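Quick notes on the structure that follows.
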Amino acid sequence: MNRIAVLAAVACVALIATGCGSSNKKASTNTTSSSVTAANPPSSTTPPQGKATGASLKLSADPSGALKFTTSSLSAKSGKVTITMSNPSSVPHGIAGEGSGIDKKGKSAGQGGTSAIAVALKPGKYTFYCPVDAHRQAGMKGTLTVK
Ligand SMILES: [Cu+2]
């Protein structure tokens, strides 16, 4: 009986010690993470720039208001690519891409605005087009070749 009581007491002490140990760790982790958080704001402005590891493609809508882009063919290496279209015309336009399992539409952008999509591309051919109204049918499209 005595032994059991002693064992139980030891087990309790062990539990308490463990509990204390872990709560101490938590407390110190919290202290660490809060100081990291405090240090984060300056460094968190860096990742977006560093995040630009993917390639970027740029194109423009026809400035005269015609329903076309300034190019009908783009090429890129496989991987993450951000396609950004700027719109100098008074007609709203956007950028979209489809093919090989990708189907992404960017927002419609007014004059002076931009529309962008970020896609992960595999080698092959994709179609980029304007998702606004019937612009694609009117010829506002092109081929993106990925190598
Ligand atoms: Cu358009």
Side-chain angles (χ1 to χ4, degrees), residues 8-147:
V10 167
C12 278
V13 169
L15 278 176
I16 290 161
T18 316
C20 274
S22 64
S23 66
N24 271 348
K25 268 180 196 166
K26 269 181 194 166
S28 63
T29 308
N30 281 347
T31 313
T32 312
S33 64
S34 63
S35 64
V36 165
T37 310
N40 254 349
S43 60
S44 70
T45 47
T46 313
Q49 293 170 335
K51 204 187 168 189
T53 46
S56 65
L57 285 176
K58 288 187 171 24
L59 73 161
S60 178
D62 188 281
S64 72
L67 299 182
K68 59 181 185 178
F69 295 114
T70 51
T71 180
S72 60
S73 68
L74 292 171
S75 61
K77 285 182 181 173
S78 60
K80 282 189 176 178
V81 177
T82 301
I83 308 172
T84 306
M85 181 216 71
S86 53
N87 184 14
S89 88
S90 55
V91 181
H93 294 298
I95 186 71
E98 69 173 27
S100 296
I102 282 174
D103 187 4
K104 271 210 164 178
K105 288 189 176 94
K107 61 169 184 161
S108 168
Q111 189 162 30
T114 57
S115 176
I117 52 171
V119 286
L121 301 172
K122 290 177 282 191
K125 284 194 188 288
Y126 298 79
T127 299
F128 64 90
Y129 66 95
C130 175
V132 174
D133 296 336
H135 292 193
R136 180 183 186 174
Q137 287 73 10
M140 200 164 187
K141 60 180 179 180
T143 303
L144 166 61
T145 306
V146 178
K147 286 169 187 167

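Keep in mind the model is a prediction, meaning the values are calculated, not measured. Start at 1 and go down the list; that is how both ligands and their atoms are numbered. Only this structure's heavy atoms are used, side chains among them; waters, hydrogens and symmetry mates stay out.
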| field | Donor-acceptor contact present, side-chain K68 to main-chain G139, <3.5 Å | value | no

| query | So how far is it from L67 CG to C130 SG, rounded to the nearest 0.5 Å? | reply | 8.0 Å

| Do any of the N, O or S atoms of M140 sit under 2.8 Å from the Cu ion (ligand 1)? | yes

| task | Please tell me if the side chains of V91 and V132 come closer than 4.5 Å, counting only heavy atoms from C-beta onward. | result | no

| Quick one: CE on M140 to CD1 on I95, what's the gap to the nearest 0.5 Å? | 8.0 Å

| Taking the N/O/S atoms of H93 one by one, which is nearest to the Cu ion (ligand 1)? | ND1

| note | Among N, O or S atoms, H135 approaches the Cu ion (ligand 1) most closely through ND1

